[in-house]
Structure formats: C-alpha cells, structure tokens
Amino acid sequence: MIEIKKKQFGDFIKNLMETYRVFAPTKDGKKSSFSEIKKADEIVDVHTTKSAKSVFFPQAEVLFNYSENEIEVPNLEQKPIALWGIHSCDTKGLLSLDKVFKNAHQLPNNKMYEDPYWNKKYAESLIFTLACNEPLTTCFCNWFESGPFDKTGADIFVVDNGESFLLEAISDKGQTFFIQSGFDQEGEHQHAVFSLKKKAESMMEEKQDISSVFETLNEIQEKEFWEEITQKCINCGACTFVCPTCHCFDVSDEGKHQKGKRIRVWDSCMFGIFTEEASGHNPRGLSYQRVQQRIMHKFNYFYDNYEEHLCSGCGRCIRVCPTNLDIREIVKKIIKRKNNV
Amino acid sequence: MIDKLHEKVKSLLEEKQVELVIGWGKGSLPLTATPVFIKDTKDVDQLIFDHTCRNNLTMYLTKDKKSLGKIHDKIAIIVKGCDSRSVVLYAVENQIKRENVVIIGVPCSGIIEKKKISELTNDMEVLSTQIEGDHIIIKGRKEEFKFKLTEILSDSCLQCRYPDAIEYDHFIGEPRGEIDINDEYSVVEKFQEKSSKERWEAVKEEYSKCIRCYACRNVCPSCYCNECFVDGNDPQWIGKTPEVTDSIIFHLIRNLHIAGRCVDCGSCVSACPVDIDLRLMNKKVEKEVKERFNYVAGIDINEKPAMASFCEHEKQDFILD
C-alpha cells in the first residue's frame, strides 16, 4: 500500500495521463457522470448519477461507417483507459458486462465471439476502485456478497483517508503499474483502512439473504404476481440507463442514400418497442411483461448463465425512479413469496 | 383531512361504487410518495396526502397498455388541482368517459421539489424531514437545514392558479380558492429577453443533457399516444442516439404536441434524471395558446380543446405573414 498526499495528486494524474486516457467522476451540469479529464481538479467525489459503464460501452457507438463501396471500422487502437474513482458497485458492474461482451456467444467454429469494441478498451484498462466511505441509504451492495470496500475487479484499490489516497495493487496489471511507477507496496496503513471500512459498513442497511431468489423466480408462473408488483411502473428507461449492469442495445443505421454509419445505441426493456417484431407482434406488449423481463434478467436468466446476479446494488434505479418503484422491495416480495409457499 | 379521505375511499369500495382507487402512499425514500392502487378496504389506511404527493396519477387512466380507465368500469382517483385538469383534458379529448371515473378532489398547498433541496444542500442525502408551520427541517447524516417551504416547492406549484381540484365528485378538505398569480410566465419572459443566438445556445445546452429515457414523456398525463413518433421506425422519424440534434427534435415536438394540453403539473421536471429544465418550453407554448386562442387546458369540461376547434376571428399571422 502506498500513500499519495492530496497535494501530490495533481502530479499523479498528470503522470497517469502520459500512458492513459484518464476517466473519472465529473460534474455534468447539476448531475455527475464519468468522463475523460484533463486535470485532477475536474474530479468530484460523489455518488455519480450515471454509472461508469459508458466509459467502455457508450450510449451510442459507431460500429462502422459505410459508403457505396467501402466499410470503415473506427480506429480501435487508442491509448488505454485509466478509470479513477469508480466505486466497488460499478467495478462489479463492469465485471458483469465483461462476461457478456468478452464471451458473448459461441461461434460455429467453437470459438467464443469477443466484442472488439468492448474487449480491447476494457482488457487494456487500469481500474482504480475507490472505497466508498459514505454509502447512501439506497445502496445495497451488501446483498450481493460485496460491500463498500470490495476489491473485486479492481486493478488498484484506493482508500481516501482525508489527507491522502492509499493505493493497493490488486491485480497483475496493478502490480505491473506499481513496479513501472516505482511504487513500493510496503507501508503501514492497514489500521486506518480497517476503521474506515468498518464505519462505511456500519452505515449500510441490513443485508438481505437473496439466495432463494433465483429458484423462486423459476417457480413463479402466474401473471397476477407480476402485475401487482409492477403496477406503478410507467415504463420509462431511466432505471436501465443509469444502471451499471443493464446492457441491452439496439443497432440502427443513420445516413442518407449510400453513405452513413451503423451505430449501436442503448436500448431498454422498459420501452414498448423493446421486443416488437416486424410483424407488429410483441411478446412483451404489456407493461408488466417488460418489468418482469428486467427482474428475470437480473435475478434469474443472468444467474442461470453466470451464477451471479446482474445487479450490484448501486441503488441508482431507486434514486431516479419517477414512481418510486424500489427494486429492493420487489426482491423482498420475491423472497417473502418463497417463505409463504 | 386524511381521516375523511380514508372514510370516503372506504365507503366507495364498500358500496361497490368503484373497484379500484388510485392514490398516493408513503414511498420508500424521504420526501417521496408513491402511487398506490387500492382494491380492498383493509388497505385504505395506506393512503396519504401531503407535500410529497408528486405524481399526476391520472396518467394511469390512459397510459399505453395500462389504461386502467379502460380496463375498469368503476375507478376512483385522487386529484390535486393540476391533476384534475388532466381528467378534464381526458374528458374533452374523449379518452375517458367522465361518468366512469369517480374523482376525489383535494386542495393542494404545493409539492416539494427534491431537486431544489439537492441544489440548496449541495447534494446532501436527506435522511428525515419535519414540517414546522411554513418551514421544513431537513436532516442529513451530518448536517441539518431549515428552509421556508416556498424555497423548495416546485416552480409549477409556486405559480399555480388552481390548487383545488376543479372537477370532482367528492371534495375532501378546505378549498384554498383560485390564487391570483401575475407572474406565471416569468420564466418565459426572462428567456425572451435574450438574443436569438443566446436562446439557441441555451436550448442546445439544456437538451444536450438528455439521455432519451423518456421519463418526461411517460409521466406526462398529456402524452398518451399509442405510438409516440420517436418509437416509429417505418419510417424512422428521428435518430436514436443522445445526439443533441435528435434530442432537441424529440423535446420540441413533444412541446408542440402538448400545446394547449399541458396542465403544468411539474411531473416531467421532477422525473427527469438529468435535471433538464423542461418547464420553460412548456410554459412558452402554454402562453402562446392562451394569448392566441384564449384557451387554458383542463379548466372547462364543456369547452372544445384549442387544437381541435377553429374560429374565423382567430389570429392567423403565424400562417399568413
């Protein structure tokens, strides 16, 4: 563990920028999101409105440009990304997305398809996970075998102790960065980190045992259950767009005549046209069916594939929902149902 | 007042006058009420009415695939002044049969805009609140603030002329009466003082924040098209990316679609996750319709909507220069 005094932080970021494009939480009007910075003083220490997924998976991304005779793929050979100030929940979100994009599906030749747009950016990135000293009351990462000081997925784990940042190399990439930077892992800060960790954990609401959720969702057949718990949802996409794990996208062409670009754009299972077919038939034509899809994807389908939930408990969807449809309450109702049967 | 509301709802359900009551209940977060759908008299106690009851619940009567107003023959809904104007709007636009909806009107003294609190407290997380007269005490983990209610009520509420339900079958509480407002278009007038270049820059900056989640559209009681133009893909009217050129088209067309139909309930402003100032343009079109056609949405259930009627003497200078 090494210490970077806050007054040296500007230089640290400056050095980092020689090798990396540095992304960090910044103010975005009255709100906040992750964007590329030029100077350390642009960085804010907040629970960002938007998640960090857009750093590697932007809301709109050009897959290729086309003209009459040519297809041109954007240059993917860019300076690698260093992502500073991402909390554990968002780091875990990136791990979930990596499962999807890295091994998206098996090709006929038995190789796994890797999404080139995601993969290169994420594989080469250096993730500085910042310990979350002050979780919000809407945070529930502790439901997912995680917590505000979870180091999973971090290359370097950072703790802000007020006067300085304490950095610990976690992954091989993190170790290499330490060696290249001439950092010495030695240093006695464990005690301070331990007490900050305890304090942050004590600020969180009691955790829920969600081990039964996957099985219970397999058993729920009747639509009345879904209709009732999703009745107030108005099917806007706010929850899915601020979510660090939602990753559905739509592909569309924008252009005139024979020239244009093919882009992929975030889609949302909340939208009425989400799975509307060309015939006009929509298997999820009703509001509750789309909320059901969202919950099933997060707590059942994804779990079926990867044995983990597609939710990291960041609480953003709870904070933005216009009708206060609280995902924690939905999960609790699923658990309660299991207990009642 | 709340006891009388509970009593009324209970009797409507007991006497089978309605099978469903839409109202507000306590939400899971401070300063946040949540829509509740009451079918059973034992759940009536869930109903609340206070400064947190933000949602214009009338949207549930018509919204795409919810259409509770069409599914249920007998439905009751609790409405503030602005919400009642939406019910009037639905009636004049033939979206509901007025006699199928039992309207329970309440007097509203304004809804708290949480975004104003965030701004005044530097994004402090609110843990609890307490109302003392016309002040509110807001507690966070480390800090405590005291504000005048007028500092944190929605702009829509501060400039609201009709706080009491206008159209109702039952009115619960003491009516506040029509309020004499003389600055209801102050934001528009201030904006119009800017040069056209400044206005364009401001509009671009505002709508460049948009993430196209459509929360504004989906909470809006006046937006009930079965297929919104942004969702059409044959032909595709606008691009799907959050490019500002597309976002501006979405917002400005939505503005025009709700011209003479917006009741300034403030739902869109509250719902926007990225804090776009959605009210400015809505007030602008509201002002235009009022000045040109002497029409205010949702006031008179017998009047034809401005955009569905034509009089020869109406100003036409926008058509013929």
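Because only heavy atoms are used, hydrogens play no part in the values below, and waters and symmetry mates are left out as well, while side chains stay in.
Surrounding NZ of B:K116 are more than 12 heavy atoms belonging to other residues, nucleotides or ligands, all under 6.0 Å away. Taking a 6.0 Å sphere around CD of B:E144, one finds it holds more than 12 heavy atoms contributed by other residues, nucleotides or ligands. More than 12 non-hydrogen atoms from other residues, nucleotides or ligands lie less than 6.0 angstrom from CZ of A:R284. The local environment of CD in A:E222 is crowded, with over 12 non-hydrogen atoms from other residues, nucleotides or ligands closer than 6.0 Å. More than 12 non-hydrogen atoms from other residues, nucleotides or ligands lie less than 6.0 angstrom from NZ of A:K27. In the displayed structure, B:K26 atom NZ is contacted under 6.0 Å by at most 12 heavy atoms of other residues, nucleotides or ligands.
Looking at B:R54, there are no atoms closer than 4.5 Å to chain A (heavy atoms on both sides), in backbone or side chain. Contacts between B:N122 and chain A at a heavy-atom distance below 4.5 Å are absent for every atom of the residue. Of the atoms belonging to B:E119, it is side-chain heavy atoms, and not backbone ones, that fall under 4.5 Å from chain A. In this structure, no portion of A:E227 lies under 4.5 Å from any heavy atom of chain B. With a 4.5 Å cut-off on non-hydrogen atoms, A:R328 touches chain B through its side chain but not through its backbone. Proximity to chain A (any heavy atom under 4.5 Å) is shown, for B:L57, by neither the backbone nor the side chain. The part of B:K142 that comes within reach of chain A is its side chain, from C-beta onward, which places non-hydrogen atoms under 4.5 angstrom from that chain.
Distance check, rounded to the nearest 0.5 Å: SG of B:C213 to CD of A:Q59 gives 9.0 Å. Note: B:E125 CD to A:T138 OG1 = 5.5 Å, rounded to the nearest 0.5 Å.
Put simply, the side chain of B:N55 gets close to the backbone of A:P322: a donor and an acceptor are under 3.5 Å apart. A side-chain donor-acceptor contact under 3.5 Å links A:N324 to the backbone of B:S28.
Taking the side chain as every heavy atom from C-beta outward, A:E254 and B:T241 approach each other to under 4.5 Å. Two residues are said to be in side-chain contact when any heavy atoms from C-beta on lie closer than 4.5 Å; A:K50 and B:V274 meet this criterion. When side chains are defined from C-beta on, B:D231 does not count as touching A:E276, because their heavy atoms never get closer than 4.5 Å.
For A:K232 and B:T34, the side-chain atoms include at least one donor-acceptor pair closer than 3.5 Å.
Put simply, of B:P242, B:S267, B:A33, B:A271, the one with the most heavy-atom pairs under 4.5 Å next to chain A is B:P242. Taking A:V265, A:V320, A:L136, A:D326 one by one and counting their heavy-atom pairs under 4.5 Å with chain B, the maximum is reached by A:L136. Heavy-atom pairs under 4.5 Å with chain A were tallied for B:P35, B:C216, B:S270; the largest tally goes to B:P35. Interface remark: of the candidates A:T137, A:T49, A:D250, A:T240, A:T137 forms the most heavy-atom pairs closer than 4.5 Å to chain B. The candidate with the highest count of non-hydrogen atom pairs below 4.5 Å against chain B, out of A:E134, A:M270, A:R316, is A:E134. Of the listed residues (B:K114, B:E205, B:R212), the one with the most heavy-atom contacts under 4.5 Å to chain A is B:R212. Of the residues considered (A:D28, A:L325, A:T323), A:T323 shows the highest number of contacts with chain B, using heavy-atom pairs under 4.5 Å.
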